[in-house]
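Structure first, commentary second.
Nothing fancy with the numbering, it's 1 onward along the sequence.
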Amino acid sequence: MNSLATAFANRLSGSSNFLAVLDNGQWTRHAWPEVHARSENVAEWLLNADVTALGLSGEPTIELIAAILGAFQAGAAVSIAHGP
C-alpha cells in the first residue's frame, strides 16, 4: 500500500464519523471503521487474486464504496460505469 493509501486507511479506521448512504429511499449510516474493514477485505481479495484493474457498476452502496477504497489500498485501477 502506498503512503497516501496508508494514511487514508489510518484515518478511516480511527474515525468516529460515519458515511451516510441512500439505500431504498432511506439514509443508512455506516461508521467509517466499518467501511474501512470492508475495504480491507476487498483489498486482500484483489491482492490474493493478482487483480490490477477492477470494473464496478451499480448503485452507490456501502459495498461499492468499500470496493473503490479497497482497490485504492491494493493499488488496482478502478473503472466505474454509471447505468441509465
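The hydrophobic cluster containing L4 also contains I65, counting ILVMFWY residues as joined when their side-chain heavy atoms lie under 4.5 angstrom apart, directly or transitively. I68 and L54 fall within a single hydrophobic cluster, where Ile, Leu, Val, Met, Phe, Trp and Tyr are joined by side-chain heavy atoms under 4.5 Å apart, directly or via other members. Cluster annotation: V42 and I80 are assigned to the same hydrophobic cluster (Ile/Leu/Val/Met/Phe/Trp/Tyr, side-chain heavy-atom contacts under 4.5 Å, transitive).
The two atoms that bring S13 and P33 nearest to each other are O-CG, 3.5 Å, heavy atoms only. Between V21 and I62 the shortest heavy-atom distance is CG1-N, 4.2 Å. Across A76 and A53, no two heavy atoms sit closer than the pair CB-N, 4.3 Å. Of all non-hydrogen atoms in Q73 and A9, the two that sit nearest each other are NE2-CB, 3.9 Å. The nearest pair of heavy atoms linking L12 to W32 is CD2-CE3, 3.3 Å. Heavy-atom minimum distance, W45 versus V51: CH2-CG2, 4.4 Å.
Separating the NE2 atom in H30 from the CD atom in E63 is a distance of 7.5 Å, to the nearest 0.5 Å. With rounding to the nearest 0.5 angstrom, the CG atom of N41 is 10.0 Å from the NE2 atom of H36. One finds the CG atom of N17 at 7.5 Å from the CZ atom of R11 (value rounded to the nearest 0.5 Å).
Within the 4.5 Å cutoff, side-chain heavy atoms of L56 are placed close to those of V78. In this structure the side chain of L46 never reaches within 4.5 angstrom of the side chain of E44, judged on heavy atoms. Counting only heavy atoms from C-beta outward, the side chains of L69 and F8 approach each other to under 4.5 Å.
Under the 3.5 Å distance criterion, the side-chain polar atoms of N2 are matched with a main-chain donor or acceptor of A5.
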